[in-house]
Amino acid sequence: MLHSLAAHGVTADMVVGCSVGALNGAFYAGDPTPDGVQRLADIWRGLQRHDVFPMSWRTVLSFLWRRDFLIPHDGIRKLIDDHIPYRNLEEAKLPVHIVATDIISGDSVVLSEGSTAEAIVASTAIPGAFSPIRYKDYFLADGAISSNTPIQVAVKKGARRLIVLPTGHACANQAPPVGAVANALHALTLLIARQLVSELEALGPDIEYFVVPPLCPLVGSPYDFSRTDDHIDRAILSTDAWLAQHGLQQGKIPHEMRLHSH
């Protein structure tokens, strides 16, 4: 989606991201150019599951014996250290706001300055799989719990025209994914889609919004990295077609965001 928008000259004034959108958004905020977006696509194409979800017998045994968290944060931290050049959020080329969830109260916590790595690790910490991150007086976890597509955060920061890039979710007629982490991620994507539709419908008439349609059918789970090439290529074609059909002049919620079979 970003690839297509950048190629058509669309540039954001600020970035608000949550969960995997925090990782992508932070990278984009550091280099909001077509070349920067191409580098982001190349990074994703080169990733394998263990780069993001590093699992070993040691982590599984730790989970079983000590009831510890299943996945260490090492993979996400390495991605940030390797590919995002600025160490503090306020150093990005575009204002960037990362949204996480206070695991105690359930409230959204917006991080706009301070450690880039800590903000992204907190926003991507899926409950039960990753441990919460201690930040000041908070214990922070995946922002998807409270506001995965943080529209209200963008509005409170002054945005009046929103371009929303949703992750989408697997179609209703597909079998559930295999494995605990895959099922947890699938459940989160369903929560995200429902939450996004509700938040968009609640916006006032003074806010313009445009939602780039997610892929449909979206095959596989967010835990499946074997389809990255296909997803990126399909999303470029899909977003190009949406732009050609004047998608940035028509503010509506795409059919793909609602419960459907295909």
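In this structure the side chain of Leu47 never reaches within 4.5 angstrom of the side chain of Thr228, judged on heavy atoms. Annotation: side chain of Phe27 is not in contact with side chain of Val96 (no heavy-atom distance under 4.5 Å). Two residues are said to be in side-chain contact when any heavy atoms from C-beta on lie closer than 4.5 Å; Val212 and Trp242 meet this criterion. The closest side-chain heavy-atom distance from Tyr28 to Thr33 is not below 4.5 Å. Leu248 is listed as a side-chain neighbour of Leu243, based on a closest heavy-atom distance under 4.5 Å. Using a 4.5 Å heavy-atom threshold, the side chains of Met1 and Pro166 count as touching. Residues Tyr135 and Leu111 meet the side-chain proximity criterion, which asks for heavy atoms closer than 4.5 Å. Counting only heavy atoms from C-beta outward, the side chains of Arg160 and Glu208 never approach each other to under 4.5 Å.
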Leu89 vs Ile98, test: side-chain contact (heavy atoms from CB on, under 4.5 Å). Steps then yes/no.
CA-CA 9 Å; Leu89 294 174; Ile98 303 299; 4.1 Å; yes
May I have the step-by-step check of side-chain contact (heavy atoms from CB on, under 4.5 Å) for Val99 and Val109, ending in yes or no?
CA-CA 6 Å; Val99 181; Val109 176; over 6 Å; no
Under the criterion side-chain contact (heavy atoms from CB on, under 4.5 Å), I'd like the reasoning laid out for Tyr86 against Lys93: C-alpha separation, chi angles, the key distance, then a yes or no.
CA-CA 9 Å; Tyr86 57 92; Lys93 291 182 180 178; over 6 Å; no
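Between the side chain of His83 and the main chain of Leu79, no donor-acceptor pair closer than 3.5 Å is present. Side chain of Ser123 to main chain of Cys18: no donor-acceptor pair is present (N/O by atom type, distance under 3.5 Å, no hydrogens or angles). Looking only at distances, a side-chain donor or acceptor of Arg134 sits under 3.5 Å from a matching main-chain atom of Lys136. Using modelled atom types, no side-chain atom of Ser19 and backbone atom of Gly21 make a donor-acceptor pair closer than 3.5 Å.
Expressed to the nearest 0.5 Å, how far CD1 of Ile76 lies from NZ of Lys78 amounts to 12.0 Å. Rounded to the nearest 0.5 angstrom, Arg234 CZ and Leu215 CG are separated by 4.5 Å. The structure places CZ of Arg77 at 9.0 Å from OG1 of Thr124, a figure rounded to the nearest 0.5 Å. Rounding to the nearest 0.5 angstrom, the gap separating the OH atom in Tyr209 from the CD atom in Glu201 is 7.0 Å. Between the OG1 atom in Thr239 and the CG atom in Leu165 there is a gap of 7.5 Å [rounded to 0.5 Å]. The line from OG of Ser112 to CG of Asn88 is 12.5 Å long, rounded to the nearest 0.5 Å.
Taking a 6.0 Å sphere around CG of Asp13, one finds it holds 12 or fewer heavy atoms contributed by other residues, nucleotides or ligands. Residue-environment remark: CG (Asp137) stays at or below the threshold of 12 foreign heavy atoms within 6.0 Å.
Residues Asp35 and Gln38 have side chains that never bring a donor and an acceptor to within less than 3.5 angstrom of each other.
Every salt bridge (charged side-chain N to carboxylate O under 4.0 Å, His left out) that Asp229 has, sequence neighbours left out, goes to Arg45.
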